[in-house]
2 protein chains.
Amino acid sequence: MTTDRSTEDLMSNDAERPAARPTITDVARHAGVSKGLVSFALNDRPGVSAETRARILASARELGWTPNLRARSLSVDRSYALGLVIGRSVDVIAADPFFHSFIAGVESEFSTAGQVLVLAQATPGREETATYRGLAADKRVDGVFLSDLRAGDDRVALVRELGLAAVTLGRPDVESPFPSVSVDDGRGIRAAVEHLAALGHRRIAHVAGPSTMLHGRRRAEAFTTALVAAGLEPTAIIETDFSAVDGARATRELLGLGADRRPTAIVYSNDHMAFAGLAVAQRAGIHVPHDLSITGFDDTELARHTFPSITSVATDAFDWGARSARLLLATIAGQPVDDVELSEPRLVVRESTTTAPESESARH
Amino acid sequence: MTTDRSTEDLMSNDAERPAARPTITDVARHAGVSKGLVSFALNDRPGVSAETRARILASARELGWTPNLRARSLSVDRSYALGLVIGRSVDVIAADPFFHSFIAGVESEFSTAGQVLVLAQATPGREETATYRGLAADKRVDGVFLSDLRAGDDRVALVRELGLAAVTLGRPDVESPFPSVSVDDGRGIRAAVEHLAALGHRRIAHVAGPSTMLHGRRRAEAFTTALVAAGLEPTAIIETDFSAVDGARATRELLGLGADRRPTAIVYSNDHMAFAGLAVAQRAGIHVPHDLSITGFDDTELARHTFPSITSVATDAFDWGARSARLLLATIAGQPVDDVELSEPRLVVRESTTTAPESESARH
DNA sequence: TTGAAAGCGCTAACAT
DNA sequence: ATGTTAGCGCTTTCAA
């Protein structure tokens, strides 16, 4: 008596039961060969005669055989799944369209690969570290995307210790064994500053993301650098948590400065804060762009649909996702990989930026 | 020679290799019992003496044993994963914060369950049906969330045929074997209409979602019903695809109507169209809310951060996710379940709605 | 109450 | 080139 139970045996027992799925053993019997050979043929490996291979494939097709992923997973020790752990709080992330596009990009690479995306949110009840540990302990995924890099991010070491493959979105500021996919968003900020400087603005402020987050910090640094390069005085940089509320608060703070210090332009670190900032200015009777120019970052769809529409830095989140997925998959497959640098962000000029207002003195 | 290879044998071969994870066999040997008994003890089933059980648990703890999910999956034929297939196009979905909150809610139920969420996006290259079939063929998930129900939605039959468990977000208009979790959003629309009618508006228009989507259609129907109930004339209902661009187009159309037909208030089927509509009005020099009142739906964070801020219907997407997950998990566990009705949506009144402007004749 | 062993469906090492 | 079989780590049936 063999160890493998055939599908036919099963079906003869109970006609009611939905047709059991054929296994590799059924295919082997049908083709008149052994299980092992079927496995070889199906994973097209050398050592199977063309003729036999054809016969096996025909049998598989005829029986409608499809591999059982769980069984395969168990024997080859792979999940065929990639993970994304979103660590931001729900409120902050809810408004951010980045992940949708990113995920769409990731999935665009899956269409051919039979992979799947496991999404986890590090909610209060489920701490970030515990989430990664859980994913690793259950071997739910073969690799993870490390997004929203923080200063001195301990996830790099954690994921490494857990033995997971990974790619980082952006280059971490700690030793990392993982390849990265990055975009020079500093360049985008620089473009915004140069654009404003060319329009005659001399007091340009920045509403920054949290300095604990690498991209927030990098954008702020690029802002300062660009300011200096343009020969302008350093001005206010207000740190936020990237949320709309905080963007509004920062704007109020900036507009509350004395007439001689109030900025004539504000560079926001993301679109949502720019939206909120726009509303704050309008509410205060400050006309955008004539009294105040503003720029956003991300070029979300809504930036096109405000009045005035908002000048913003566009990056390609979809491509970011696609490239990251490809890189991670290659890493897992053991192929040699290199860091990838995405195409440069572009500044999309719209109605929210215009020439600097005349100076206060001239106006009075 | 036994069939089970012990961990210790492995480790003695190669000191470099990271410590191999203990298996149930290791625990059995350590506790001096059989594999089978360990399994019974660990899944606390009857038939194990308290003493032995304690010894087994102690061994497991001491060895740091944790079950191998893949092996368990293979033998019990469960994935311990739930799936969400997002079928909208990237552009439309990118701006919609619903899913983030919904997903957060879903995950909040996972913290205790060791479940995971598989997210798939039905991109053009990967058709929706194929996505569900793939998920089922690979048994990636034990059940799915059916969101964005369409008229005559064929996914209900498909998912049923594939043998997956499911919950529907809202009640489908086709025969369905699945439990549903719904919210009476028509009630939210009614509240908006009543609010506007009470403010003296008599020409209220509706910028609707696509009639092919159940919630888009339901809201439009509720709009008409509420209008009639308020004793008002039927007015324009413009259908859109829920996107900001389309919301802008619809608004332009409405504002372009002759003075005697132009609405004094517009009820939008979602916030993003309301944002776009607000911009269109402002651009046309139409003051919101004095010339035109508008209401949104979803109560997204941004509704609080526009000028004027937007009156909107709030629903609880997080709770929706949590309840759906709980229901789906119960279904999978074979427990009897009932449809669940979420708490009623509430109208959050802000600055975008005010008393109706005086009639054109009176004004001239 | 406990042990032994078959079985889940596949891969891969080893024979032939 | 092909067949045989152990093994992945767990659950579950059947004896004892």
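Order of the sequence lines sets the chain letters (A, B, ...), proteins ahead of strands, with each chain counted from 1.
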What is the distance, to the nearest angstrom, from the [atom1] atom on [X] to the [atom2] atom on [N]?
{"X": "A:Leu74", "N": "D:dC10", "atom1": "CG", "atom2": "C1'", "answer": "8 Å"}
{"X": "A:Asp138", "N": "D:dC8", "atom1": "CG", "atom2": "P", "answer": "19 Å"}
{"X": "A:Arg70", "N": "C:dT11", "atom1": "CZ", "atom2": "C1'", "answer": "18 Å"}
{"X": "B:Arg78", "N": "D:dC10", "atom1": "CZ", "atom2": "C1'", "answer": "15 Å"}
{"X": "A:Arg21", "N": "C:dG9", "atom1": "CZ", "atom2": "P", "answer": "9 Å"}
{"X": "A:Ile24", "N": "D:dG7", "atom1": "CD1", "atom2": "C1'", "answer": "15 Å"}
{"X": "B:Leu69", "N": "D:dG9", "atom1": "CG", "atom2": "P", "answer": "13 Å"}
{"X": "A:Arg29", "N": "C:dG9", "atom1": "CZ", "atom2": "P", "answer": "13 Å"}

Does [X] have a side-chain nitrogen or oxygen under 4.0 Å from the phosphate oxygens OP1 or OP2 of [N]?
{"X": "B:Arg72", "N": "D:dT11", "result": "yes"}
{"X": "A:Ser34", "N": "D:dG3", "result": "yes"}
{"X": "A:Thr25", "N": "C:dC10", "result": "no"}
{"X": "A:Ser73", "N": "C:dC10", "result": "no"}

Review point. Can you check salt bridge (Lys or Arg N to Asp or Glu O under 4.0 Å) on B:Asp138 and A:Arg70, steps first, answer last?
Key: CA-CA 8 Å; B:Asp138 286 348; A:Arg70 287 175 189 152; over 6 Å; no
[X] side-chain N/O to [Y] backbone N/O, donor-acceptor pair under 3.5 Å:
{"X": "A:Asp142", "Y": "A:Arg78", "value": "no"}
{"X": "A:Thr168", "Y": "A:Leu146", "value": "no"}
{"X": "A:Asp26", "Y": "A:Thr23", "value": "yes"}

Point to revise | Closest to the A:Val48 side chain, choosing from C:dG3, D:dG9, D:dT2 | key: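 Selected nucleotide (nearest to the side chain): D:dT2.
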Check your understanding: Is A:Arg323 salt-bridged to A:Glu341, cutoff N-O under 4.0 Å?
Key ->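 Salt bridge between A:Arg323 and A:Glu341, a charged N being under 4.0 Å from a carboxylate O: no.
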**Study point:** B:Glu127 with B:Arg133: basic N within carboxylate O range, under 4.0 Å
**Key:**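 Salt bridge flag = no for B:Arg133 with B:Glu127.
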Check your understanding: Would A:Arg150 and A:Glu128 count as a salt bridge (Lys or Arg N to Asp or Glu O under 4.0 Å) if you check the C-alpha gap in whole Å, the side-chain angles of each, and the deciding distance to 0.1 Å?
Key -> CA-CA 13 Å; A:Arg150 299 182 290 254; A:Glu128 190 179 61; 2.7 Å; yes
Could you go through nucleotides 12-16 of chain D and list every protein N or O atom that sits under 3.5 Å from one of its N or O atoms, giving the distance for each pair?
from	atom 1	to	atom 2	distance (Å)
D:dT12	OP2	B:Arg45	NH1	2.9
D:dT12	OP2	B:Arg45	NH2	2.9

